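Both ligands and their constituent atoms are indexed starting at 1 by order of listing. Bear in mind that the values here come from a model prediction, so they are computed numbers and not experimental data.
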Amino acid sequence: MEDNLKKLTNEVGAPVPDNEHSLTAGPRGPVAIQDVWLLEKIAHFNREVIPERRMHAKGWGAYGKLTVTGDISQYTKAKVLQPGTTTDLFMRFSTVAGERGAADAERDIRGAAVKFYTEEGNWDLVGNNTPTFFIRDVHDFSDLNRAVKRDPRSGLRSAQNNWDFWTLLPEAFHQITIVMSDRGIPASFRHMHFYGEHTFSLYNSENQRVWCKFHFHTQQGIKNLTDEEAEYLSGHDRESHGRDLFEAIEKGNYPRWKMYIQTMTEEQAKNHYENPFDITKIWRHSEFPLIEVGILELNRNPENYFAEVEQSAFSPAHVVPGIGFSPDRFLQGRLFAYGDAQRYRLGVNHTLIPVNQAKAETNSYHRDGAMRVDGNHGGTIAYTPNSDGIWSAQPGVAEPPLALDGALYRYDPKDDPTDDNFRAGGELYRIMTEDKRQALLQNTASNIAPVTANIKYRHAVHCFLADPEYGERMTGALGLSFDKVRELATLSNQELIKATLKAEDFPL
Ligand code: HEM
């Protein structure tokens, strides 16, 4: 046995005689095609790279558990959320815009995806470290990524593209304020909160539904980096977040987050002063208090980065009985996007990869496909309905029906009179201490510095609409005219966009 551990074999188990010297015709002659081990080695190496995630490409993961300490059984029948339950999980953190080799300590939002291996199947909560998002219609998602990733001509990241896109969508304002604030560069994954962001639903054993948001608060305390600290760190250690997480877990210093939910009844949602299904809006804690659920702990590092972290695949479509979706049009788009991306990135059978595999029994009629490595359900009947009545659907787990109203149409949320895209950003500014306000102004000024003045004006106007002081101080930080900002602030959104389209109209 001892000896076997030291033996090199080819991919089908035969011993390899030599791993350093090619099989050549004579000491100085050409290589023989008969050196099949060499061919296998090169061919495998050539195929080692798989497509990186289109966004959230750079990430780090760990295993852990969720322990439910609270009692939310009145809202959900999900077994994973019942009092006293402990469930194993895998979690992957990520940055968003950077590629697989990018530095961790970038000003960017952070992804936080959790796969709960529940006894009723996998539940994936695929969130971020912000309670809101830049955009709210799935149509804008590929454009957001094009704007924050590389410019098609130069191949460079472009502040101009980034800010142009952001400022053309006023609903991005709250998220921009967060990303430019002191929280824009977390010191590590361990030192940040994370959120499900969307409105989801919970339903109980009586099939009564509430709308719900998921929150996870770091128990390590919030810690952030300044631009200068992040620049220094990135120059010395591009893997600062990954190293921090890995080393903390190796040392037994297990990071923890307290899990909460907020709930809203269907009746409250109908009468709420904002669209509760708009991901760019938040539910204020004063109106919808946090309800404690439990503790999420990470306590084991993966044994192999590629197998477990790179090949992990999360999807908001993966829910279990008692947890459901909502009419959020952004969430609806995500329900398709992830599985589709993963069928391309990892293959149609990616749920058989051990890190993605459910611990619950999986009895589906999906068969065959590339890399079907689990026996493919052997001789079990492969169609339904069948006279044996095996693997029948279970109507008992169906979600309660959801009443809908309205005609099918391409609605613009900006036409909704309740739509206020600046309220939450203004509120956030007003609760910031003076230090935090200064950090926000400084971070924005340096981030937007390379951008043309017309776009800077757009942003300053949005700040002014959120809070006059925020607007005035941002105008000063960006070196703009406050008279001009006030004048532009009287325009409608469409007029503002029209007035600020051309850089040459705004010489600095
Ligand atoms: C309609 C909007 C969105 C679309 C179409 C979308 C699509 C995607 C896709 C295709 C991936 C790569 C999946 C893979 O290759 O495994 C991804 C990754 C990810 N997305 Fe989204 N996304 C959207 C919005 C969001 C939002 C709002 C959040 C947070 C609440 C989010 C969080 C994440 C995270 C955390 C990952 C990385 C998951 C991992 O660690 O593997 N995304 N997204």
- Go through the side-chain N and O atoms of Ser188 and Asp244 and say whether any donor and acceptor fall under 3.5 Å apart. yes
- Message: Out of all atoms in ligand 1, which are within 4.0 Å of some heavy atom of Phe314? Include the element for each.
- Response: 39 (C), 40 (O), 41 (O)
- Would you mind running through ligand 1 and noting each atom that sits below 4.0 Å from a heavy atom of Val138? 1 (C)
- Would you tell me whether Gln160 and Ser158 have side-chain atoms, one donor and one acceptor, within less than 3.5 Å of each other? no
- Message: How far is atom 29 (C) of ligand 1 from the closest protein heavy atom, and which atom is that?
- Response: Asn128 ND2, 3.0 Å
- What protein heavy atom sits nearest atom 5 (C) of ligand 1, and how far off is it? Phe141 CD2, 3.3 Å
- Item | salt bridge (charged side-chain N to carboxylate O under 4.0 Å, His left out) involving Asp412 - partner list, sequence neighbours excluded | Lys414
- Message: Is there a polar contact between ligand 1 and His56, counting only N or O atoms under 3.5 Å apart?
- Response: yes
- Query: In ligand 1, which numbered atoms sit nearer than 4.0 Å to a non-hydrogen atom of Arg92?
  - Reply: 37 (C), 39 (C), 40 (O), 41 (O)
- Query: Among Arg53, Arg334, Gln332, whose heavy atom sits nearest atom 12 (C) of ligand 1?
  - Reply: Arg53
- Message: If the cut-off is 4.0 Å to any non-hydrogen atom of Gln342, which atoms of ligand 1 fall inside it?
- Response: 13 (C), 14 (C), 16 (O)
- Query: Ala341 heavy atoms, cut-off 4.0 Å: which ligand 1 atoms fall inside?
  - Reply: 10 (C), 15 (O)
- Residues Val320 and Val80: closest non-hydrogen pair is CG2-CG1, 4.4 Å
- Message: Below 30° counts as parallel, above 60° as perpendicular, anything between as tilted: where do the rings of His217 and His193 land?
- Response: parallel
- Query: Side chains of Gln357 and Tyr117: do they bring a donor and an acceptor to under 3.5 Å?
  - Reply: no
- Does the Thr76 side chain pair with the main chain of Gly322, one donor and one acceptor, at a distance under 3.5 Å? yes
- Query: Are the side chain of Thr95 and the backbone of Asp104 linked by a donor-acceptor contact shorter than 3.5 Å?
  - Reply: no
- Item | No-hydrogen, no-angle side-chain donor-acceptor test under 3.5 Å, Gln311 and His350 | no
- Query: Among protein heavy atoms, which sits nearest to atom 35 (C) of ligand 1, and what does the distance come to when rounded to 0.1 Å?
  - Reply: Gly127 O, 3.2 Å
- Query: At a 4.0 Å threshold, what atoms of ligand 1 neighbour a non-hydrogen atom of Ile279?
  - Reply: 27 (C)
- Item | Shortest heavy-atom approach to atom 27 (C) of ligand 1 - which of Phe330, Phe90, Trp60 | Phe330
- Item | Distance-only donor-acceptor check, side chains Asn304 and Glu308, under 3.5 Å | no
- Item | Under 3.5 Å donor-acceptor, Lys115 side chain and Arg92 backbone | no
- Ring center gap for His215 and His285 short of 6.0 angstrom: yes
- Please confirm whether Arg345 comes within less than 3.5 Å of ligand 1 when only nitrogen or oxygen atoms on both sides are compared. yes
- Item | Residue-ligand contact Gly59/ligand 1, heavy atom below 4.0 Å | no
- If you count the atoms of ligand 1 from 1 in the order shown, which ones are under 4.0 Å from a heavy atom of Ala112? 35 (C)
- Does ligand 1 have a heavy atom under 4.0 Å from the side chain of Asp340, from its backbone, from both, or from neither? neither
- Any N/O of Tyr195 closer than 3.5 Å to an N/O of ligand 1? no
- Query: By number and element, which atoms of ligand 1 are closer than 4.0 Å to a non-hydrogen atom of Gly111?
  - Reply: 35 (C)
- Query: Under 3.5 Å between some N or O of ligand 1 and some N or O of Tyr338?
  - Reply: yes
- Message: Using a 4.0 Å heavy-atom cut-off, which part of Ser142 comes near ligand 1: side chain, backbone, both, or neither?
- Response: neither
- Got an N, O or S from Met55 under 2.8 Å of atom 21 (Fe) of ligand 1? no
- Query: Taking N or O atoms only and a 3.5 Å limit, does Glu197 qualify as a polar contact for ligand 1?
  - Reply: no
- Go through the steps for Arg150 and Glu99 under the test salt bridge (Lys or Arg N to Asp or Glu O under 4.0 Å), then give the verdict. CA-CA 10 Å; Arg150 292 176 188 275; Glu99 295 87 359; 2.6 Å; yes
